[in-house]
Amino acid sequence: MSNRCDLEEISTNDTLQQQSTDEFIKHILTLLTSVTVSENLDTDLWLNNNPDAKKLYDYIISLRELTTALAKGDLKKTVPGKGYILANLKALQANLLHLTWQSKMVANGDFSQRVDFLGEFSDAFNEMALKLQNSNMQLVKMATTDTLTQIPNRLALAQFLSAAFKKSVEQDTPFSIIIFDIDNFKRVNDTYGHDIGDKVLVKISEILNSQFRSNDIFSRYGGEEFMAALPGISQENCFKIAKRAISLVSKTKIPANADEHISITVSAGVSSRISKDITYENIIKRSDNALYKAKTSGKNKVCISSKK
Amino acid sequence: MRKYQFYKELVGDIKLGRPNLEVSIDLEMYRVMQFTLRDILEQKVGSEEADKIFYDAGKLAGNYFYEMYINPVSSVEEFVGKTQKALRDKKIGILRVEEADLENGKVILTVDEDLDCSGLPELDYETCIYDEGFIAALFGNFSGQEWKAKEIDCWCTGARTCRFLVTKI
């Protein structure tokens, strides 16, 4: 009699356990597949005495929370747990966070950012960054280049002067500026027309430009005026360079038409930084005065600022 | 009088000294050297002290690395860019930034394919203590202030990437 009771009890227990396992699996499936999960579920029965079930349950909860956050675009969500699937999701989360940072960098003008961890998206991002980089370079070039002569314009010149003057003061090194002005340029325009005037500007800029180093700047300063800035060059040496440059111009014949060539001369004013200069404008002013002196004393010559 | 004080010339002219074997060694042997050294250090001075030694050694290496491959830099962007490139060129790891708020002294970054730990068996602890010191030194050199780095996720603890929280002290 008692044996029969025991057997019935075991059988009942087995049935209850089987029911419990079935419910647990059903709940796990719900966690993995359903949007909503019953919140009032008592999980203690399944988890309290079964460490592996607890591990599995916690892992799936972490997966559910992390994937929900990722699906909503919440990249800051942290969940406990480790292991292959969670680690892969966390790596994806880390990549997306880095991509967010990279996008911010691109927005701030750093077009060198490249992505190498998101397959086809990487190619698309990199293509976008490269195109932005190229477009930006073109825009910078357009904004800083004189359209006619293709040499730096006043914007580029101002940026260069500002940095070079600062460096010259900090390092106490020489810094010189030359202003060139084409002599009688109005007469060229009036006699031969603006097309030839433009041709003269291009040719003269090429000749003068060839006389400077890569770390100097030679730029279009105004209509027929050009400016060169020479870091590390003293006033005396700068004078020699300017003289050589205008001499080269005076030896050049520029074709105006099939039968006629024009001779052009250039005047120049030179000055260098002195200790009381506060900005590069001070040097420009003295160079301009020196240029005026060259213009009013016969042209085709270089004058130097006398201020020390 | 120090016998083993580190200075950059101590690394020597590797190209001259190894005309056939050149500059690289097998990563396996680098790890063997590091982990055996740590094993013995732990036996001699305990885990905590061994970690401190590794962290400080990492800082020393970070100082060297900054001077040799990062300096000079004029902006955060340039610092991050140069560091990423140098770490990749030297095959130390692939650095990615998740958050960089240097002004408020908080940076979160990850290192993929890390020299020290990628591929290690799963362990109960983060292992990249040397990296922590190394990273702290990079930020310290860049900012001129003291930083500390703490690994918060590691390959060894089941992550696929090492994540570091770097904070200004």
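Numbered from 1 within each chain, the chains take letters A, B, ... in sequence-line order. Bear in mind the structure is a predicted one, so any value in this text is a computation, not a measurement.
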Checklist entry - Considering only heavy atoms from C-beta outward, does the side chain of Arg96(B) approach that of Asn95(A) to under 4.5 Å? => result yes
Next on the checklist: Tell me whether Gln211(A) at atom CD has more than 12 heavy atoms from other residues, nucleotides or ligands lying less than 6.0 Å away.
Outcome noted: yes
Next on the checklist: Please classify the contact between Asn108(A) and chain B as side chain, backbone, both or neither, with a heavy-atom cut-off of under 4.5 Å.
Outcome noted: neither
Checklist entry - Among Asp112(B), Thr110(B), Val97(B), which has the most heavy-atom pairs under 4.5 Å with chain A? => result Val97(B)
Checklist outcome for this item: Heavy-atom closest pair (Lys82(A) atom, Leu123(B) atom, distance to 0.1 Å) is NZ-O, 3.6 Å
Item to check | Glu120(A), CD: over 12 other non-hydrogen atoms inside 6.0 angstrom | outcome: no
Next on the checklist: Give me the atom names and distance for the closest heavy-atom approach of Asp153(B) to Lys90(A).
Outcome noted: OD1-NZ, 4.4 Å
Next on the checklist: Taking OH in Tyr125(B) as the centre, count heavy atoms belonging to other residues, nucleotides or ligands within less than 6.0 Å. Is the count above 12?
Outcome noted: no
Checklist entry - Just wondering, more than 12 heavy atoms not from Ile278(A) lying within 6.0 Å of its CD1? => result no
Checklist outcome for this item: Cut-off 4.5 Å, heavy atoms of chain B, and the answer for Asn88(A) is both
Item to check | Exam field: side chain His98(A) to backbone Glu98(B), donor-acceptor pair closer than 3.5 Å | outcome: no
Item to check | Atom pair CD1/CG of Ile94(B) and Asp116(A) - distance to nearest 0.5 Å | outcome: 6.0 Å
Checklist entry - What are the residues of residues 153-173 of chain A, in order of number, with any heavy atom under 4.5 angstrom from a heavy atom of chain B? => result none
Checklist entry - Quick one: what part of Val76(B) sits under 4.5 Å from any heavy atom of chain A, side chain, backbone, both or neither? => result neither
Next on the checklist: Would you say that Glu99(B) contacts Lys76(A) through its side chain, given a criterion of any heavy-atom pair below 4.5 Å between the two side chains?
Outcome noted: yes
Checklist entry - Is Lys148(B) atom NZ crowded by more than 12 heavy atoms from other residues, nucleotides or ligands, each under 6.0 Å away? => result no
Next on the checklist: If you compare all heavy atoms of Thr161(B) against all heavy atoms of Ala94(A), which two are closest, and at what distance to 0.1 Å?
Outcome noted: CG2-CB, 4.2 Å
Checklist entry - For Met137(A), does the CE atom have more than 12 heavy-atom neighbours from other residues, nucleotides or ligands under 6.0 Å away? => result no
Checklist entry - Are there residues of residues 162-169 of chain B that reach to under 4.5 Å of chain A by heavy atoms, and which ones? => result Arg163(B)
Checklist entry - How about Trp101(A) and Val80(B): do any of their side-chain heavy atoms sit closer than 4.5 Å? => result yes
Checklist outcome for this item: Counting heavy-atom pairs under 4.5 Å with chain A, the top scorer among Gln84(B), Arg88(B), Glu78(B) is Arg88(B)
